[in-house]
J.: 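Provided herewith is a single structure, encoded as structure tokens, for subsequent inquiry.
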Amino acid sequence: EPEVTQTPSHQVTQMGQEVILRCVPISNHLYFYWYRQILGQKVEFLVSFYNNEISEKSEIFDDQFSVERPDGSNFTLKIRSTKLEDSAMYFCASRDRVSNQPQHFGDGTRLSIL
Amino acid sequence: AQKVTQAQTEISVVEKEDVTLDCVYETRDTTYYLFWYKQPPSGELVFLIRRNSFDEQNEISGRYSWNFQKSTSSFNFTITASQVVDSAVYFCALSEMDSNYQLIWGAGTKLIIKP
């Protein structure tokens, strides 16, 4: 069964550095999402992406965040100047065009900011 | 205001007991979807079920069953004859047509099954 893959599984970065989290969605999917889960807390929506542009974003998704689909297969989340509070698990998800299909999640990238 | 409320922070039962995880949601959309996901200690999110707002039929899948009641805005999840492997955090989530179907998550219920 096709799956969403995320790399790396764990990223350790110094505060203030830029980080890029990578995701390869399922190949025929059209909608892409990033979610964040701070340790021990609930999952929070960050951003959705469709047709090469952001369709929705949350208050969390401020100017330090950006997303890109650079080559038709990868879907990246960039955090420009990381802060300690960015430490979390970041999940990528994708779904196809049919609205009632569930989002398929990757296994997540654990981001640790030192 | 919370759109998805999972009031039970943690539940602990002995193996083979039945357990019900509660989920109450809030939406003004007439078209929406409700989900349950399981997050085992390894951290990944495992899809369990999706239910759309027009289908109130309850569903059973093996030891799992779901009770969707629009009248009370609830989508509860029952595990019968629980097993240690069911230990995980379970999340209820809502997606609305008006919000581009982004998932709005409850706080999760940590389920501990003791042998």
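Chain identifiers are assigned alphabetically (A, B, ...) following the order of the sequence lines, protein sequences preceding nucleic acid strands; residue numbering begins at 1 within each chain.
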J.: Can you give the donor-acceptor pairs under 3.5 Å from side chains of residues 107-115 of chain B to other protein atoms, not counting sequence neighbours?
T.:
{"from": "B:T109", "atom 1": "OG1", "to": "B:Q8", "atom 2": "O", "distance (Å)": "2.6"}
{"from": "B:K114", "atom 1": "NZ", "to": "B:S12", "atom 2": "OG", "distance (Å)": "3.4"}

J.: Under 4.5 Å, counting heavy-atom pairs only, tell me which of A:F91, A:Y35, A:Y31 racks up the most with chain B.
T.: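 Looking at each of A:F91, A:Y35, A:Y31 in turn, A:Y35 comes out on top.
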J.: Please list, chain by chain and in numerical order, all residues satisfying salt bridge (Lys or Arg N to Asp or Glu O under 4.0 Å) with B:D86, sequence neighbours excluded.
T.: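 Once residues adjacent in sequence are excluded, the partners of B:D86 under the salt bridge (Lys or Arg N to Asp or Glu O under 4.0 Å) criterion are B:R63.
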J.: Test side-chain contact (heavy atoms from CB on, under 4.5 Å) on B:F91 and A:Q37; report intermediate values, then the result.
T.: CA-CA 12 Å; B:F91 290 97; A:Q37 185 183 29; 3.4 Å; yes
J.: Are A:I54 and A:Y50 connected in the hydrophobic side-chain network, where two residues link if heavy atoms are under 4.5 Å apart?
T.: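 Result: no, two separate clusters.
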J.: Give a yes or no on this: more than 12 heavy atoms of other residues, nucleotides or ligands lie within 6.0 Å of atom CD of B:E10.
T.: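 Enclosed: over 12 neighbouring heavy atoms sit under 6.0 Å from CD of B:E10.
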J.: Sort out for me which of A:Q103, A:Q41, A:M89 touches chain B most, counting heavy-atom pairs under 4.5 Å.
T.: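 Among the listed options, the one with the most contacts to chain B is A:Q103.
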J.: A:Y33 and B:Q102: which non-hydrogen atoms are nearest, and at how many Å?
T.: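 Result for this residue pair: CE2-CA, 4.0 Å.
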J.: Consider only side-chain heavy atoms of I, L, V, M, F, W and Y, link residues closer than 4.5 Å, and tell whether A:W34 and A:V19 are in one cluster.
T.: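 Both belong to a single hydrophobic cluster.
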J.: I'd like to verify something: which residue of B:I49, B:V89, B:L103, B:T31 has the highest number of heavy-atom pairs under 4.5 Å with chain A?
T.: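 Answer, by heavy-atom pair count under 4.5 Å with chain A: B:L103.
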J.: To the nearest 0.5 Å, tell me how far A:E44 CD sits from B:W105 CH2.
T.: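 So the gap between those two atoms works out to 11.5 Å.
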J.: How about B:K16: does its NZ atom have over 12 heavy atoms from other parts shown lying under 6.0 Å from it?
T.: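 Check fails, neighbour count at 12 or below.
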J.: Do other residues, nucleotides or ligands put more than 12 heavy atoms under 6.0 Å from A:L84 CG?
T.: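 Above 12, so yes.
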J.: Verify the neighbour count for atom CD of A:E59: are there more than 12 heavy atoms of other residues, nucleotides or ligands below 6.0 Å?
T.: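 Open: at most 12 neighbouring heavy atoms sit under 6.0 Å from CD of A:E59.
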J.: Between CD1 of B:I104 and OG of A:S58, what distance do you get to the nearest 0.5 Å?
T.: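 Rounded to the nearest 0.5 Å, the CD1-OG separation comes out at 11.0 Å.
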J.: Could you check, using the six-membered ring where one of them is a Trp, whether A:F105 and B:Y37 have ring centers closer than 6.0 angstrom?
T.: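 Distance test on ring centres: under 6.0 Å, yes.
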J.: Could you check whether atom CG of A:D63 has more than 12 heavy atoms from other residues, nucleotides or ligands sitting under 6.0 Å from it?
T.: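 Count not over threshold, so no.
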J.: How would you list, by chain and number, every residue that makes a side-chain contact (heavy atoms from CB on, under 4.5 Å) with A:L114, sequence neighbours excluded?
T.: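 Here the qualifying residues are A:V12, A:Q14.
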J.: Determine which residues belonging to residues 39-46 of chain B lie within contact range of chain A, meaning some heavy atom pair is under 4.5 Å apart, and list them by number or answer 'none'.
T.: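 At a heavy-atom separation under 4.5 Å, chain A is reached by B:Q39, B:G43, B:E44, B:L45.
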J.: Kindly compute the distance separating CZ (A:R95) from OG (B:S95), expressed to the nearest 0.5 Å.
T.: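 That separation rounds to 7.5 Å.
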